[in-house]
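Following: one structure in structure tokens, then a few remarks.
It should be emphasised that the depicted structure is a prediction, and the values quoted were computed from it without experimental measurement.
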Amino acid sequence: MSETALKAPGVPDANRWKALAFIAIAQLMVVLDATIVNIAMPSAQQDLGISDGNRQWIVTAYALAFGGLLLFGGRIADLWGRKRAFVTGLAGFAAASALGGAATNEAMMFGARALQGAFGALLAPAALSLLAVMFTDAKERAKAFGIYGAIAGGGGAVGLILGGFLTEYLDWRWTFFVNIPFAIVAAAGAYFVIREPEGGRNRSSLDIPGVILSTLGLVSLVYGFTRAESEGWSDSLTVAMFVASGVLLLAFVIVEAKVKAPLLPLRVITERNRGGVYLSLGLAIIAMFGLFLFLTYYLQVVKGYSPVKTGFAFLPMIAGMITGSTQIGTRLMTRVAPRLLMGPGFLVAALGMLLLTRLEIGSSYAAVLLPAMLLLGLGMGTAFMPAMSLATYGIEPRDAGVASAMVNTSQQVGGAIGTALLNTIAASATTSYIKDHIAGAASRPQQQLVQLEGMVHGYTSAIWFAVGILVAAAAIALTLITAGKPELGPATGEGATDAEDAVQIPVVAH
């Protein structure tokens, strides 16, 4: 390996801040892609002749590949080296995006989306684990993860704005092509700037049974929730997917406890603080993903906003996330315990969500949506930033890739659960409301009004559940996470069993 690729352990990399810029560009591209394509879906569906029954695969193909291969991607990053995995992931993501933009039929589109997901599963853990091994000083780490957390939290809303512009003023194909310059800049910068710490690779043999079981188990889980949204929870294939997922993931845990070089060393997730982060972050994402969906529909269908105007309506949330992550979280991260940022952060977000339970057809944006989005952004930004850092802090370099992959996995699985679960609750409440009120609507306009009222009633019913989920995330963060602040010295993770597995964690709190 050349001198430019590696640096001696313990010596801060002089180019680490430049490297952060290129890692941030790559992360923004991946997060943008999660929402930017949603706005382009109607146009792409019409152009490519995709049926209503199959259109979900534009999203599902990506989600299955990304969620299913994340642990494998994290292990590959540990094996190959994070820089190589990062650059390879970017190159592959750019090529898959070009294929998606040039798609001429549904098979080409679905294949491109699956490839995007596969390369994203290689890229995302490599990006986060590079930050974990490059930024070890507490204050510098706070700033770096503040930036990363703001992008991870707010990038999805930026995608709504950019997707609206590209779809409305150019063409849906540009929602794919726009990834290419992002990827080229990030890959070129990373190739010349990033120098990975020496001795950080995990050169153990690949755990093939673990790869197969985890991939199939996660794919079954994500597909089960995705199918539940469209076909219902009692659908036989939906139930079969959940059963298969449970069996496969249980078998995966048993295998990982026994093999010499596991794909996911159980020390990574059984350490109390890290486990608390994965669980609370996953719950928070469940609430957030459902919210994005409901607010997008509310603004466009009920309020009649254009795609671009809808995107701009999310700006207060982005501003709140950036402020919470880079100002509140970064400034307090080295002064207070992580749980004292994560717990209150999730509660502030829950308060914002609570305001949205007051939504009605004629609700004022300034009076209801604006303060709710600001509180949501501030709370989630404040909580996300220390969560991202704590999930990888003190991890042995050989485990950095899989620890980072677990952050992404909790987000991806949380997103699939949130979309399916909250959408089902909303749909059921809407159907019930319309059934109870449609009889009293004599004219066509009155019937349309009842239908819109039913939609809003469905959204608010689901948002109540989201409030509860965020409160549960706060409770888990406050009770499970016990790490102390950096000034008090590193704390040994309670899940460690020997000197080699001891995990040092500061108090900081994807």
Side-chain angles (χ1 to χ4, degrees), residues 1-2 4-7 13 15 18-34 61-62 64-101 111-134 148 176-198 200-208 211 214-215 263 392 397-405 407-409 412:
M1 181 66 69
S2 67
T4 57
L6 297 174
K7 72 177 185 67
D13 186 350
N15 288 326
K18 292 180 184 175
L20 172 63
F22 296 114
I23 292 169
I25 290 170
Q27 174 65 12
L28 180 61
M29 179 189 73
V30 173
V31 177
L32 279 175
D33 196 73
Y62 178 89
L64 293 182
F66 189 74
L69 294 172
L70 269 168
L71 285 176
F72 183 43
R75 179 65 180 87
I76 290 295
D78 287 336
L79 183 66
W80 282 3
R82 286 143 207 117
K83 175 179 173 176
R84 184 181 296 176
F86 184 69
V87 173
T88 303
L90 282 166
F93 201 92
S97 297
L99 186 66
R113 290 292 283 160
L115 280 174
Q116 277 187 314
F119 284 107
L122 180 62
L123 167 63
L128 185 54
S129 57
L130 277 170
L131 285 191
V133 298
M134 292 175 75
Y148 188 89
F176 287 90
F177 292 144
V178 74
N179 291 328
I180 298 171
F182 276 102
I184 291 172
V185 170
Y191 182 80
F192 291 110
V193 168
I194 290 177
R195 295 188 303 155
E196 195 174 339
E198 191 172 3
R201 292 194 191 179
N202 184 343
R203 299 184 185 275
S204 306
S205 57
L206 195 59
D207 171 21
I208 300 299
V211 170
S214 69
T215 301
L263 173 69
T392 54
R398 61 181 176 145
D399 293 334
V402 289
S404 302
V407 177
N408 288 283
T409 300
Q412 188 65 26

key: Pairwise side-chain contact, Trp80 with Leu122, heavy-atom cut-off 4.5 Å (strictly under)   = yes
query = So, do Arg75 and Asp207 sit near enough that their side-chain heavy atoms are less than 4.5 Å apart?
reply = no
Least distance between heavy atoms, Val193 atom then Ala19 atom =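 Where Val193 meets Ala19 most closely, the heavy atoms are CG1-N, 3.5 Å.
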query = Which heavy atom in Ala126 sits nearest to a heavy atom in Ala85, and how many Å separate them?
reply =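 Scanning both residues completely, I find the closest heavy atoms to be CB-CB, 4.1 Å.
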First locate atom [atom1] of [X], then atom [atom2] of [Y], and finally report the distance between them rounded to the nearest 0.5 Å.
X      : Y      : atom1 : atom2 : result
Asp78  : Leu263 : CG    : CG    : 9.5 Å
Leu71  : Ile76  : CG    : CD1   : 12.0 Å
Ile180 : Leu90  : CD1   : CG    : 12.5 Å
Leu123 : Phe66  : CG    : CZ    : 8.0 Å
Gln27  : Leu20  : CD    : CG    : 11.0 Å

key: Contact list for residues 111-127, test salt bridge (charged side-chain N to carboxylate O under 4.0 Å, His left out), sequence neighbours left out   =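 Listed once each, the pairs are Asp33-Arg113.
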Which pairs of donor and acceptor atoms, one on a side chain in residues 93-101, lie under 3.5 Å apart (sequence neighbours left out)?
| unit_1 | atom_1 | unit_2 | atom_2 | d |
| --- | --- | --- | --- | --- |
| Ser97 | OG | Phe93 | O | 2.8 |
| Ser97 | OG | Gln116 | NE2 | 2.9 |
| Ser97 | OG | Asn179 | ND2 | 3.1 |

